[in-house]
There are 2 protein chains.
Amino acid sequence: MNRPEIHTMEELSVAIGVSRPTLSRYFQDPTSVSRSSVEKIERGLTRVEYVPNFFATRMNRKSTGIIGVIIPYLNDLFFTQLLESVERAAMHAGFTVITQCSHSDPLTESRAVETLLSMSVDGAIVTPLGEQTDLRAYARLKAKLPFVLMDSRPKTLMDVDYVGSDHLQATGAIVDYLCRVGPPPVFLAMPPGNFNAGERERAYRKRMTELGHEPVVFAQTQIDDLSHYEEHGLAALGAAFSKGQYLDQSILCVNDRVAIGALRAAAQYGLEPGAQRRGGLRIAGHDDYPLCPFTVPALTTVAQNVGAIGQAAIERLIYKMQNRNLPLEQEVRLIDSELKIRQSA
Amino acid sequence: MNRPEIHTMEELSVAIGVSRPTLSRYFQDPTSVSRSSVEKIERGLTRVEYVPNFFATRMNRKSTGIIGVIIPYLNDLFFTQLLESVERAAMHAGFTVITQCSHSDPLTESRAVETLLSMSVDGAIVTPLGEQTDLRAYARLKAKLPFVLMDSRPKTLMDVDYVGSDHLQATGAIVDYLCRVGPPPVFLAMPPGNFNAGERERAYRKRMTELGHEPVVFAQTQIDDLSHYEEHGLAALGAAFSKGQYLDQSILCVNDRVAIGALRAAAQYGLEPGAQRRGGLRIAGHDDYPLCPFTVPALTTVAQNVGAIGQAAIERLIYKMQNRNLPLEQEVRLIDSELKIRQSA
DNA sequence: AAGAATTTTTTACACGCGTTAAGACTAAGC
DNA sequence: GCTTAGTCTTAACGCGTGTAAAAAATTCTT
């Protein structure tokens, strides 16, 4: 079953008996070639081992057919869900996706930008690291190719297309719910540095004020590595409990990973958060991390619409790619989240 | 701050005042150029906007400097940890990493293989989907370039280099532990289809037999989608509990995600698994999923040494790439896992 | 200062394919 | 049989860079 290996289109053309330009057109768009040739070529391809050279095909085209994606890190199921949704949408639209991960490191992130630029991708979808992000890299991206920010955006890049969740809607919804079923919630935040965490905190304060309640935010912790969300939640809430605080309050966590740490803290203090229980402690999260239905108790949260965010980002990017000449206005697309009421609140 | 854009090395050479071949050598290896030229070039590069064309640079080289990675899906923190470790090791060794995700789909997986082949990657590290994998794609990979399987391997590809965990050691260690602190464990397995799940089940049976115990395996569930591990664990153990089975047994789960579902089932039945508790129910997992320390109760498990696996895979791959002419013998590298005793068992 | 050693420039070809223009061929339509 | 449109082949150039050989320039040695 060892078919002869063929390395160039030239060789292939003599092997099949079709001219090279015809082959070239066939590989780019089979419908641009007559039916009889298509059959001839496809019959030939079964007898022979050949894959077109990726670099050579992309180098000499006006458009490379590649969409670049940069995500900050992988060890978070929220980003992997987002990435999956983006890759699916891009592949569906016929693009090759090149994903680069920053691995929480600004230098790696800058290198990722350079890689995408050097590959002349048609466009890029980027979720920045956070405040450590090297903005010069983004400035170069913006100057050279269509790109859209996804999920979070630095304050210094507010003039770029953006697709993400509507924090006012999402946080508002869960604040409303918590106020409906119990005392006004306390907010378990993150130390400053994370864009979305800040946005959510602001959204919390805003909604609480609108409802006539006093916002209460706490985030004290000794955890230095900000990527250890669960530890942060555990430490911060544990510290509060140890001072006798919030033992019978509603606690809204800035995201589900922090909430998972918070659930753990509650368990350590023998508390069982949940609307059904006496005692009054409630814990809610934000994001609908895939494990939420399986925590003990199952975590009440707000589900970001990951599928819609990824798809909208790709749609907008493709639109920009197809209209590079036109002077487009900035588009900010905020997507609604959905309340997921489970047991913990 | 807008530096003039330069698109080709030719232009760059006139802008800087250095010949193009010298620039070419500089970009590939700055030490191959005299100090004075290096300084001249680097001074020039600060005044000008230029990135070498990725495709053009790779097309005409004997080695592309790219390592391809294929992973089955992203929505599992174990794979993302593994991927991170591989990418880190590869980047450290000076390679560009191109990662392709199969998204649980054999067709996407085959396409990923084609993509890597068409990019003439120097080598590939692959974690196959499972039994649905299209083995022809792998046969082509094997024929054309150095590659090593990681984490799991199809029975039909046993002659390929492999790096993964030593299931006998890992499962043996947790079986031993469970037998030491309580009754011999029951094994909560997966429906057939997943290589590692099968290996672990066999390892469990073997160790139990060696210890003189009767192995007991159960995996009944209505869950059709095998990727929903937590649901499977919840459903299977829930069903057992509802029949009054295993309520005071030790339960070894095939992996941590199943164990998280099992913990949930226990909670639903008002049971609190853990060595410290009365009642006898114990639940243990396998993998050391990053959330294990934060489950309620914290999950006792066996930690796969993800860092070592990724690094060993890259090391072996690079060795094979550097010795493509030599007829190398197959190498199977099994790495030890470490018991993580927490609360659940 | 002359010669040797190193580095750079010049020149030219290569990589594999995209792309174009001109001509040759084929299958219709009259 | 002829024209016409559609499709193909031939021939040639281009993409941006790698790479090799020879000539030129620079630096180092003695």
Side-chain angles (χ1 to χ4, degrees), chain A residues 5-45 48-66 96 114-115 117-122 144, chain B residues 5-45 48-66 96 114-115 117-122 144:
Chain A
E5 282 191 23
I6 287 198
H7 291 100
T8 75
M9 249 184 204
E10 198 70 52
E11 290 175 40
L12 185 65
S13 76
V14 315
I16 290 190
V18 171
S19 76
R20 191 175 68 75
T22 303
L23 283 177
S24 175
R25 276 175 25 237
Y26 167 80
F27 280 112
Q28 288 178 65
D29 176 14
T31 68
S32 68
V33 169
S34 73
R35 277 197 54 74
S36 62
S37 293
V38 169
E39 286 171 17
K40 196 169 175 184
I41 294 172
E42 296 187 338
R43 227 173 319 121
L45 283 177
V48 157
E49 194 97 288
Y50 170 76
V51 290
N53 181 308
F54 189 86
F55 304 134
T57 57
R58 315 285 162 157
M59 191 172 68
N60 211 3
R61 256 191 275 196
K62 61 267 327 176
S63 110
T64 55
I66 304 176
T96 300
E114 295 305 309
T115 303
L117 284 175
S118 76
M119 297 190 4
S120 342
V121 298
D122 289 342
K144 294 205 176 179
Chain B
E5 283 192 23
I6 287 198
H7 291 100
T8 76
M9 253 188 199
E10 198 71 53
E11 289 175 39
L12 185 64
S13 76
V14 315
I16 291 190
V18 172
S19 76
R20 190 175 69 74
T22 303
L23 283 177
S24 175
R25 277 171 28 235
Y26 167 81
F27 281 113
Q28 289 177 63
D29 177 13
T31 68
S32 68
V33 168
S34 74
R35 277 197 53 75
S36 61
S37 294
V38 169
E39 285 171 17
K40 196 169 174 184
I41 293 172
E42 295 186 338
R43 229 173 317 120
L45 283 177
V48 158
E49 194 96 287
Y50 170 76
V51 291
N53 181 308
F54 189 86
F55 304 133
T57 58
R58 315 285 162 155
M59 193 172 67
N60 205 10
R61 257 191 273 195
K62 60 270 324 181
S63 112
T64 55
I66 304 177
T96 300
E114 295 305 309
T115 303
L117 283 175
S118 75
M119 297 189 7
S120 344
V121 298
D122 289 342
K144 295 204 175 180

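On a predicted model such as this, the values are computed, not experimentally measured, just so you know. Chain letters run A, B, ... following the sequence lines, proteins first, then strands; residues in each count from 1.
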*Think Gln28(A) has a side-chain N or O under 4.0 angstrom from the OP1 or OP2 of dC17(C)?*
no

So what does [X] touch, heavy atoms closer than 4.0 Å: a base, only the sugar-phosphate, or nothing?
X	value
Glu10(B)	nothing
Tyr50(A)	sugar-phosphate
Ser24(A)	base
Met59(B)	base

Restricting to nitrogen or oxygen on both sides, can you table the protein-nucleotides 23-27 of chain C pairs closer than 3.5 Å?
none

Euclidean distance, atom [atom1] of residue [X] to atom [atom2] of [N] [Å, nearest integer]:
X	N	atom1	atom2	answer
His7(A)	dC17(C)	NE2	P	11 Å
Met9(B)	dT17(D)	CE	P	5 Å
Glu11(B)	dT17(D)	CD	P	9 Å
Asn60(A)	dG16(D)	CG	C1'	9 Å
Met119(B)	dC17(C)	CE	P	15 Å
Asn53(A)	dG16(D)	CG	P	17 Å
Leu12(B)	dT17(D)	CG	P	9 Å
Phe55(B)	dG14(D)	CZ	C1'	17 Å

*Selected nucleotide, minimal atom distance to Thr57(A) side chain, candidates dT19(D), dG18(C), dG16(C)*: dG18(C)

*Can you see which heavy atom on Val121(A) is nearest to which on Thr64(A), and at what distance?*
CA-OG1, 3.7 Å

*Taking all atoms of both residues into account, what is the closest heavy-atom pair of Ala15(B) and Ile6(B), and its distance?*
CB-CD1, 3.6 Å

*Indicate yes or no for a side-chain donor-acceptor contact from Thr57(A) to the backbone of Asn53(A) under 3.5 Å, with no hydrogens or angles considered.*
yes

*Are the side chain of Arg25(A) and the backbone N or O of Ser32(A) linked by a donor-acceptor pair below 3.5 Å?*
yes

*Residue of the set Met9(A), Glu11(A), Glu5(A) for which side chain to side chain contact (heavy atoms under 4.5 Å, CB included) holds with Tyr50(A)*: Met9(A)

*Using a cut-off of 4.0 Å between protein heavy atoms and nucleotide atoms, how would you tag nucleotides 4-12 of chain D 5' to 3' with B, S and -?*
---SSBBBB

